Amino acid sequence: MKGKNRIAAVLLGLVLAAVPLIVSAYYYEIGLMEFPWFADSEKAYDFFLYWKGQALILLCGLLALCAAVKLFAAKDNKRAAFDGRWFDKRYIIALAVYFGTAVLSTALSEHKDMAVRGGYEQWEGIIIIAAYVAVLFFAYYFVSGKTEINIVIWALFAGVLAMSVLGAGQFFKRDFFRGEAGQSVMNFMLDRKLKFTFAFEPGRVYATLYNPNYVGSYVALVMPVVLSLISMKKRRCFMLKNVLAALTAALLGIMLAGSESVTGFLGVFASFVLLAAFAVMHNKTHPQRIWIAAGICAAALAAAVWFNRPVFEYGFNKIVNPTPNNFLIKSMEPEGEYLQIRTVEDDLLKLKIRATETGCQYEAVDGDGKKVGTYEGEEANVTKFDDQRFSGIECEAKSIQASGILNAVDVKTPSTGKSYTVVLGGETAGEGMPQAEYRIYNPFQKVDELRHIPSVGFEKNQHFGSRRGYLWSRTFPLLPKHILLGSGPNTFVYEFPNDDYVGMKNVGYEANIVTKPHNMFMQIWVQTGLLSLIAFLALYVLYFADSMKQYFRKAEYTRLEVVGIGILLGTFGYLATGLANDSTVAVAPVYWCLLGVGMAVNRFNKAERVRALKKEKASVQKNAPKTGNARKNGNVRKSKQGNGRNVKHGR
């Protein structure tokens, strides 16, 4: 099948290769200063996300133009416009449901500007989601022959090679962006040139993907595709390609090690587990090949672990032996005249606090209403409790400056080094009053409501997976609210309890803003709804099932079938990383485009197989002995001979 969509294929190649490499500063208004849980910052810089999204939108517009030109040129012949490509209705339905629910979530969102355009640290509004859907659709539509497949795959390879060189340079402490040329690139879109500092220490790999975690997602996605380009043919041109592909894969491995992304390692491991299943079925008549391959993989894994022991030990401990909780107070919230303090042992201390001119007076009871005794500490204005359950808690009266001078109490746990400043009502310090309202003085020097924060799970493991235990425990209660529709794309920052000042201080998130749950599937659920998540997963399940049906039990593979398997493994590994990473415009365009290309490659390979079977059948029919005609001719000859003999005998 000859390709006729070279320009569109080049544009798709740019989505795969160029978009992830874009880095430049963008100065924008944040739009969150009105919230008490955000600092008094009106504007910020983005370096790694915004312009990637804009480039993706531009390329999608050009792809749409290519489609329009193609349809217009074939307006009198619809078959010509769709020649060689047919649309699997199952894919289209799943894609439509996913995008439709995202649009509805945007339309009904309370934060439409953020939901439409995207914003703070994410830039994944509905416009970008529409670009994801469009790039998958156009990849499925335009990639119809070997020419387009080769253009797209080798463009991806070129982009991955460039990315891996940058990443390996960072690993060896030769970071391009810390040099003058890199600083110029980052300043390219700014009138006022800036001098940049970096959050990550030299040697840590972030490439052009904003965060080392996203390096893990990227490597898991593209490494199997790069390895699928290695050919067994021994011609010189193939040998050169093989060397480049192997080198790129090695550089990707260095990138992954330098990123210290445990999630990335797990994603790569998941894709190789799936590859092992293919290997078993492919070589079931030659089991020794499986053992040889398994030995090579085990040796490679052992070498990777040996040379990166600190990374693996750190990552392993984050999962099976996370940092223990280091706090005594689990939550604080007001209830009538009382401030309720719940400890990690689930003991409840209820305080009624009254400000006086000399300090504070306390009445304390436990959860059963039993009085808890208090006594003065050695320091001035410090009160302690004589109940063993609450002996680690101290209260110190103080005044704070926030819209005037306010009475406050520092609730402290000296053994953990943590304290929480509770504001007593709204009166000025020194006047004194009975207290029936308790608020909290947050890290941004603002007074905010002190409220109940729902939490589910991970009570003993808040630090699980680099504090993902805490993030997930606060995200689980959000899920039932978004069964049909979500809060809107890019609006997780509003849904997450960023006013959980006690919980955030307990895990070291004090003064941080949570914009994502570190789980792509929960991110989709909260932002665009459970129905949207089901459609997103259904789209991949359909592709996965079609791929397995087409490739799993084959004894021999063509080159493009190997590429199809590589795309399947890469997208599978990417979704595996989604269990602990989020969707981001730094990597997601590559996933969506590769998924569309994978569907198109499957379609092409299926058509080629049907064509080969028809050709083989026709060849068999052409070369088969004409048994029926020979028998018929033989009978005729015999009959004629017989008749001759009879005539002769008659004579």
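Since this is a predicted model, take the numbers as computed values, not measurements.
- For the residue pair Glu148/Asn5, the side-chain donor-acceptor check at 3.5 Å is satisfied.
- Aromatic ring orientation, Tyr26 versus Trp123: perpendicular (interplanar angle above 60°, classes split at 30° and 60°).
- Taking CD of Gln523 as the reference point, atom CD of Glu124 lies at 6.0 Å (rounded to 0.5 Å).
- In this structure, Asn519 contributes its side chain and Leu579 its backbone to a donor-acceptor pair below 3.5 Å.
- Between Phe157 and Leu244, the closest side-chain pair of non-hydrogen atoms falls below 4.5 Å.
- For Phe198, the CZ atom is densely surrounded, since the number of other residues' heavy atoms within 6.0 Å is greater than 12.
- Ring planes of Tyr91 and Tyr140: perpendicular class, angle over 60° (limits at 30 and 60°).
- If you run side-chain contact (heavy atoms from CB on, under 4.5 Å) between Ile567 and each of Ile153, Leu595, Leu156, only Ile153 comes through.
- Within a 6.0 Å radius of CG in Leu537, other residues, nucleotides and ligands contribute more than 12 heavy atoms.
- Judged by distance alone, the side chain of Gln550 and the main-chain N or O of Lys606 form a donor-acceptor pair under 3.5 Å.
- Atom CD of residue Gln54 and atom CD1 of residue Ile22 lie 10.0 Å apart, to the nearest 0.5 angstrom.
- Counting only N and O atoms by type, the side chains of Thr558 and Glu608 include no donor and acceptor under 3.5 Å apart.
- A 4.5 Å side-chain heavy-atom check between Leu575 and Tyr591 finds at least one atom pair inside the cut-off.
- Contact of the Leu229 side chain with the Thr248 side chain is not registered, since no non-hydrogen atoms from C-beta on lie closer than 4.5 Å.
- Tyr540 pairs by the side chain to side chain donor-acceptor pair (under 3.5 Å) definition with Thr571, not counting sequence neighbours.
- Contact detail for Leu256 and Gly216: the closest heavy-atom pair is CD1-CA, 3.9 Å.
- Annotation: side chain to side chain donor-acceptor pair (under 3.5 Å) contacts of Asp175 (sequence neighbours excluded): Gln170, Arg178, Tyr206.
- Residues Val97 and Phe536 have side chains not in contact (no heavy-atom distance under 4.5 Å, counting atoms from C-beta outward).
- The backbone N or O of Ala115 sits nowhere less than 3.5 Å from a side-chain atom of Asn490 that would complete a donor-acceptor pair.
- The number of heavy atoms from other shown groups lying within 6.0 Å of CZ (Arg609) is above 12.
- Side-chain contact annotation: Asn602 with Tyr551, donor-acceptor N/O pair under 3.5 Å present.
- The CZ atom of Phe137 lies 8.5 Å from the CG atom of Leu95; values are rounded to the nearest 0.5 Å.
- Under the 6.0 Å cut-off for aromatic ring centres, Trp592 and Tyr543 do not qualify, their centroids lying 6.0 Å or more apart.
- For the atom pair CD1 of Ile565 and CE of Met548, the computed distance is 9.5 Å after rounding to the nearest 0.5 Å.
- Rounding to the nearest 0.5 angstrom, the gap separating the OG atom in Ser259 from the CG atom in Leu209 is 10.0 Å.
- Using modelled atom types, one side-chain atom of Trp51 and one backbone atom of Ala25 make a donor-acceptor pair closer than 3.5 Å.
- Contact of the Thr208 side chain with the Phe177 side chain is registered, since non-hydrogen atoms from C-beta on lie closer than 4.5 Å.
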